[in-house]
Amino acid sequence: PSRRAHLLGVAAQGVDAARTAAGDAAAGRWVAIAYDLETTGVRADSEAITELAAVCLDTGSTFSSLVSLAGTGVGGVPPAVEALTGISTAMLADAPPFGDVASRFEAWVADQAGGPRSGRVPLLVAHNGRRFDARALATAYGRARRAPPVGWAALDTLDLAKKAFDGRPVSEEVVVAGVNSAGPPGPTCFAAPTPTRPASLAQPSLRAWYRLPPPPSTHRAGPDVAVL
């Protein structure tokens with residue numbers, strides 16, 4: 001089969017697993033939201049979010065916002081991270097705090113789902129989401145003294161890639177219970193690319209293997225989530 005057909009087949013298996021975990025009541029009622037974060041570093045439990053971007057795979061609608069460092073206890077964006085992402089401390093000076101961004105993001109997600117009476121469950125999709133993005137969000141919600149959304153499901157495309165290329169099962173941590181970050185990380189790299197597998201399970205390597213066009217910039221939440 002083509003690489004696109006392969007991807008879609010694996011993704012379908014992952015969504016089926018999510019539906020089983022969430023229960024029959026929600027089956028067939030997902031609204032898929034791909035999202036990505038930029039942060040001040042790689043420690044999800046102590047860094048601060050600098051950017052949040054998302055796209056609804058059902059409607060094509062997008063969400064994007066820089067996030068202030070105010071109230072995070074993080075003094076600024078390290079030079080190495082600024083060089084990687086292009087996001088500087090000065091750029092965040094007038095950005096809204098996470099609590100405000102979270103409020104707008106939750107309202108946007110609810111709108112994509114058709115409102116609270118639609119019965120559709122938001123399914124948040126991220127690459128390496130269990131290990132990093134979900135934990136970074138949980139940290140940010142805690143700092144903002146804000147309760148995370150309840151009734152949202154999560155799906156990690158790194159789990160799908162492991163299932164596709166490494167024979168590892170899709171994680172059973174897909175639940176309808178808000179932000180879920182449980183589970184240990186797994187191996188993410190192979191020794192070398194072959195015609196049947198990418199060089200690694202990192203998003204840039206998977207993008208190249210599936211022959212998707214490169215984004216205009218990397219390590220920014222908007223272009224990265226468009227690839228996802």
Side-chain angles (χ1 to χ4, degrees), residues 32-56 61-112 122-158 173 177-183 185 202-204 215-228:
I33 305 288
Y35 78 99
D36 189 50
L37 308 174
E38 298 302 334
T39 65
T40 55
V42 298
R43 297 169 298 179
D45 297 332
S46 59
E47 305 292 355
I49 295 172
T50 58
E51 187 176 35
L52 167 62
V55 59
C56 177
S61 177
T62 60
F63 177 95
S64 182
S65 179
L66 293 174
V67 183
S68 170
L69 297 179
T72 65
V74 177
V77 179
V81 175
E82 180 180 341
L84 184 68
T85 66
I87 299 174
S88 66
T89 302
M91 288 172 60
L92 305 178
D94 296 325
F98 176 79
D100 291 352
V101 175
S103 179
R104 290 193 292 112
F105 179 62
E106 291 167 21
W108 175 80
V109 170
D111 188 55
Q112 305 315 302
L123 177 65
L124 266 65
V125 181
H127 196 70
N128 199 27
R130 273 196 308 130
R131 181 180 181 183
F132 187 79
D133 297 82
R135 290 179 178 177
L137 281 174
T139 298
Y141 270 96
R143 285 175 177 157
R145 299 181 183 276
R146 183 182 179 91
V150 175
W152 290 10
L155 185 63
D156 191 338
T157 55
L158 180 57
E173 299 298 334
V179 175
N180 188 333
S181 60
Q203 184 170 307
S217 61
T218 57
H219 299 292
R220 286 297 300 267
D224 283 353
V225 81
V227 171
L228 181 61

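Predicted model, so just to flag it, every value in this text is computed and none were measured. Excluded from the calculations below are hydrogen atoms, water molecules and symmetry mates; all remaining heavy atoms, backbone and side chain alike, are included. We're numbering straight along the sequence, starting at 1.
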message: So which atom in P122 and which in G151 form the shortest heavy-atom distance, rounded to 0.1 Å?
response: CD-O, 4.2 Å
message: Quick check: closest heavy atoms across M91 and G86, and the distance to 0.1 Å?
response: SD-O, 3.2 Å
- prompt: Is the shortest side-chain N to carboxylate O distance from E47 to R135 below 4.0 Å?
  reply: no
task: Applying side chain to side chain contact (heavy atoms under 4.5 Å, CB included), name anything that partners S68, two or more places apart in sequence or on another chain.
output: A70, A95
Note, Q112 side chain near F63 side chain (heavy atom, < 4.5 Å): no
query: Less than 4.5 Å apart, any side-chain heavy atom of Y35 and any of L137?
result: yes
task: Taking the six-membered ring for Trp and the full ring for Phe, Tyr or His, determine whether the centres of Y141 and F98 are under 6.0 Å apart.
output: yes
field: Non-hydrogen atoms of P96 and V101 that approach each other most closely
entry: CG-CG2, 3.6 Å
query: Has R146 got more than 12 heavy atoms of other residues, nucleotides or ligands less than 6.0 Å from its CZ?
result: yes
- request: Look only at the side chain of D156 and the backbone of G129, and say whether a donor-acceptor pair between them is shorter than 3.5 Å.
  value: yes
task: Go through the structure and list residues passing salt bridge (Lys or Arg N to Asp or Glu O under 4.0 Å) with E82, not counting sequence neighbours.
output: none
- prompt: Nearest heavy-atom pair of E38 and I87: which atoms, and what distance?
  reply: CB-CD1, 4.0 Å
- prompt: Does some side-chain heavy atom of E51 sit less than 4.5 Å from a side-chain heavy atom of S65?
  reply: no
message: Restricting to non-hydrogen atoms, name the atom on A136 and the atom on L37 that form the minimum distance, rounded to 0.1 Å.
response: CB-CD1, 3.8 Å
message: To the nearest 0.5 Å, what is the distance between CG on L155 and CD1 on I33?
response: 13.0 Å
- prompt: Is it true that a side-chain atom of T39 and a backbone atom of A48 form a donor plus acceptor pair closer than 3.5 Å?
  reply: no
- prompt: Under a 4.5 Å cut-off applied to non-hydrogen side-chain atoms, are W108 and C56 in contact?
  reply: yes
Partner set under side chain to side chain contact (heavy atoms under 4.5 Å, CB included) for V81, not counting sequence neighbours: V77, P78, T85
field: Residue pair W152 / E106, side-chain heavy-atom distance below 4.5 Å
entry: yes
task: Mind checking the CG-CG spacing from D36 to L52? Nearest 0.5 Å is all I need.
output: 9.0 Å
- line: Partner of T50 under side-chain contact (heavy atoms from CB on, under 4.5 Å), picked from L66, L69, V67, is L69
